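This one's a predicted model, so the numbers in the text were calculated from it and none came from an experiment.
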Amino acid sequence: ALDRGDAMRGAIVFFQPQMACNKCHRVDDSAAAALAPNLALLDRNVSNAALVESVLYPSKSIRTGFESTTFLLTDGTVLSGFVVASDADTVKVRDATNPERIHDIERHDIEEQKVNPLSLMPEGQVNFLADEAAFFDLIRYLIEIRDGGPQRAKQLQPSANQLALVLPD
């Protein structure tokens, strides 16, 4: 990826609708809720190998705070999300389908609670890539925004024209 990847092409891959990377990951300096780590604010101790592994095997090592939990409530409701706070009486859960929504669940309303072993990032996302070059480009983009932060992500942000799908005639 360092030798053959192109970060600008990788940014285009990252923002492609079929990849859905930007649906969960942020790449800016915002503190807005997200369903996955902000890739432009990663610690530089996250190695290149760890980035590759996270793309290929998202459930192998789920970053702290992004482990989803499923709750079965006494009324039969099933809710999945991320525990953002808890005390003796309540659990605050960020909704897995709408990260802006926080549910306050009374502990006495919880029938069952289970931390999910699988990441919300689906296995096999790389199967949507056109070829090996696109994989190297994506990894190069992730490396550059990890190292350069939100400023580098902004420099690499593709234009709407670059993201437009062009179908053959």
**Asked** Residues in side chain to side chain donor-acceptor pair (under 3.5 Å) with Ser54, at least two apart?
**Response** none
**Phe66 CZ to Ser119 OG distance, which is reported to the nearest 0.5 Å** = 10.5 Å
**Request:** For Arg107 and Asp87, indicate whether the former's side chain and the latter's backbone hold a donor-acceptor pair under 3.5 Å.
**Result:** yes
**Message:** Using a strict threshold of under 4.0 Å (side-chain N to carboxylate O), is an ion pair present between Lys92 and Asp104?
**Reply:** yes
**Prompt:** When you measure from the side chain of Gln16 to the backbone N and O of Val13, does any donor-acceptor pair fall under 3.5 Å?
**Reply:** no
**Prompt:** Quick one: CD on Gln18 to CG on Asn127, what's the gap to the nearest 0.5 Å?
**Reply:** 12.5 Å
**Any donor-acceptor N/O pair, Asp137 side chain to Asp6 backbone, under 3.5 Å** = yes
**Item:** For Glu53, all residues meeting salt bridge (Lys or Arg N to Asp or Glu O under 4.0 Å), sequence neighbours excluded
**Value:** Lys60
**Asked** To the nearest 0.5 Å, what is the distance between CE (Met8) and OH (Tyr141)?
**Response** 8.5 Å
**Under 3.5 Å donor-acceptor, Arg146 side chain and Val46 backbone** = yes
**Item:** Within 6.0 angstrom of Glu106 CD, more than 12 heavy atoms from elsewhere
**Value:** yes
**Request:** Tell me yes or no: between the side chains of Ser80 and Ser68, is some donor less than 3.5 Å from an acceptor?
**Result:** no
**Prompt:** Taking only residues two or more places apart in sequence or in another chain, which ones pass side chain to side chain donor-acceptor pair (under 3.5 Å) with Glu132?
**Reply:** Arg4
**Request:** For the pair Asp95 (side chain) and His103 (backbone), establish whether a donor and an acceptor sit closer than 3.5 Å, ignoring hydrogens and angles.
**Result:** no
**Request:** Measure the SG-CG distance between Cys24 and Asn38 for me, rounded to the nearest 0.5 Å.
**Result:** 12.5 Å
**Request:** Find the distance between CZ (Phe71) and CD (Glu112) and round it off to the nearest 0.5 Å.
**Result:** 11.0 Å
**Message:** Taking Leu118's backbone N and O only, do any of them form a donor-acceptor pair with Asn116's side chain (distance below 3.5 Å, no angle check)?
**Reply:** no
**Message:** Using only atom types and a distance under 3.5 Å, with no angle test, would you say the side chain of Arg94 pairs donor to acceptor with the backbone of Phe82?
**Reply:** no
